[in-house]
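Computed from heavy atoms alone, side chains included, the values below leave out hydrogens, waters and symmetry copies.
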Amino acid sequence: MTSPPESTSAELDPAAVSQRGEDGEPAGAEVELPSVGEMIRHLFKIQEKRSHIYNFMQRSFAELLASRDETAYDAKCRLYTAEFSDFSLEIRRLEAALKSSDGGAPVAALFDKLQEHEKVKLEMTCTLQVLKKALSACSWQWQQEEEEAATETLRSSLSDAPPPPPPDSVDAPPRGRAVKAAWGRCACADANCTEGDAAEPSREEYYAAVAEATQMLESSVNDANDVLEELRYELEEQE
């Protein structure tokens, strides 16, 4: 059974930034802010922690598909969600501190862009898990019909029966509709995502949703990596 690390808090003491409000102004006694370079290095450590949690998520999901133990999976997802929330809050505090630092505004903008890409990455990771979990249940009418057809084909020895059309032959609906059509429940997603929100998707809707979510996930990962590369250049300049 996989479980997240006991503590994923980053090493930098956040006291210097936590005592400031959202606008970066002191909320109490004046403290010395970390340098811009220190805050960038701190963000990289948070990103390493994020990567570890994603690895735990993927292993937990594989266990779910093997065991069908949704209670254990949902409990772990709540822990992972809490970790991701902590990471986001910590980065937002750093972003606020950067805005009040000399020369920190451009770096703060990069922190904000990274957070937006990470949000999409988490949403699409959860979406794909929801879709794969739903498919593995084999409860949709078109799945049962395909299974019955395959059984009948074998029984009748009709080896030349045409196979179902491949997923990439389906015209995807307009961007955004596919994922919503096949959306189910995920403990890692927001509270508005509940099972039963959408009717059973057709085969075409399902595979279009998978393709769309996969594309959005890959784009968010690439965009986040581009921002991290910019931050590495910024760190080199700071040093």
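- A distance of 9.5 Å separates CG of L231 from NZ of K113, quoted to the nearest 0.5 Å.
- In this view, F84 and Y54 satisfy the ring-ring contact (aromatic ring centres under 6.0 Å, His included) rule, not counting sequence neighbours.
- We find that R92 and E116 are joined by a salt bridge, their nearest charged nitrogen and carboxylate oxygen being less than 4.0 Å apart.
- Under the 4.5 Å side-chain heavy-atom criterion for ILVMFWY residues, a single connected hydrophobic cluster contains both F111 and F44.
- Here the closest non-hydrogen pair linking V210 and T214 is O-OG1, 2.7 Å.
- Within a 6.0 Å sphere centred on CG of D102, other residues, nucleotides and ligands contribute 12 heavy atoms or fewer.
- At distances below 3.5 Å, at least one donor-acceptor pair connects side-chain atoms of S35 with backbone N or O atoms of E38.
- Under the rule for a side-chain contact (heavy atoms from CB on, under 4.5 Å), E48 has no partner lying at least two apart in sequence or in another chain.
- Residues Q115 and E95 bring no donor and acceptor atom of their side chains to less than 3.5 Å of each other.
- With sequence neighbours left out, E237 forms a salt bridge (charged side-chain N to carboxylate O under 4.0 Å, His left out) with no residue at all.
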Begin with the C-alpha distance, continue with both residues' side-chain angles, and end with the deciding distance and a verdict on side chain to side chain contact (heavy atoms under 4.5 Å, CB included) for R59 and N55.
CA-CA 6 Å; R59 287 200 290 270; N55 289 337; 4.2 Å; yes

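- If you check the side chains of Y207 and E212, you find no donor sitting under 3.5 Å from an acceptor.
- With a 4.5 Å cut-off on side-chain heavy atoms, M57 and K76 do not count as touching.
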Go through it in stages, so that I can follow the logic: the residues are K132 and F61, the test is side chain to side chain contact (heavy atoms under 4.5 Å, CB included), and I'd like the CA-CA distance, side-chain angles, deciding distance and then a yes or no.
CA-CA 10 Å; K132 292 175 182 177; F61 183 65; 3.8 Å; yes

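- A donor-acceptor pair under 3.5 Å links the side-chain atoms of Y206 to the main chain of L131, judged by distance alone.
- Side-chain N or O atoms of E205 include one that pairs as donor or acceptor with a backbone N or O of S202 at under 3.5 Å.
- The salt bridge (charged side-chain N to carboxylate O under 4.0 Å, His left out) check on E218 picks up nothing, with sequence neighbours excluded.
- Annotation: the span from H117 atom NE2 to S219 atom OG amounts to 10.0 Å, rounded to 0.5 Å.
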Test side chain to side chain contact (heavy atoms under 4.5 Å, CB included) on I40 and E234; report intermediate values, then the result.
CA-CA 8 Å; I40 295 175; E234 289 286 347; 3.9 Å; yes

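- Of all heavy-atom pairs spanning M39 and P34, the tightest one is CE-O, 3.4 Å.
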Side chain to side chain contact (heavy atoms under 4.5 Å, CB included) between V120 and D223, worked out:
CA-CA 10 Å; V120 175; D223 291 341; over 6 Å; no

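- For the pair V36 and G104, the tightest heavy-atom approach, listed with the atom from each and the gap, is CG2-CA, 4.1 Å.
- Atom CG in L98 sits 11.0 Å away from atom CD1 in I91 (nearest 0.5 Å).
- Rounded to the nearest 0.5 Å, atoms CG (L228) and CG (L235) are 12.0 Å apart.
- Of the possible polar contacts, one joining the T125 side chain to the K121 backbone as a donor-acceptor pair under 3.5 Å is found.
- Applying the salt bridge (charged side-chain N to carboxylate O under 4.0 Å, His left out) criterion to R68, with sequence neighbours excluded, gives no partner residue.
- Using a 4.5 Å heavy-atom threshold, the side chains of S60 and Q129 count as separate.
- Shown here are the salt bridge (charged side-chain N to carboxylate O under 4.0 Å, His left out) partners of D226, two or more places apart in sequence or in another chain: there are none.
- Side-chain N or O atoms of S51 include none that pairs as donor or acceptor with a backbone N or O of Q47 at under 3.5 Å.
- At least one test fails for R78 against the ring of Y73: distance under 6.0 Å to the centre or angle within 45° of the axis.
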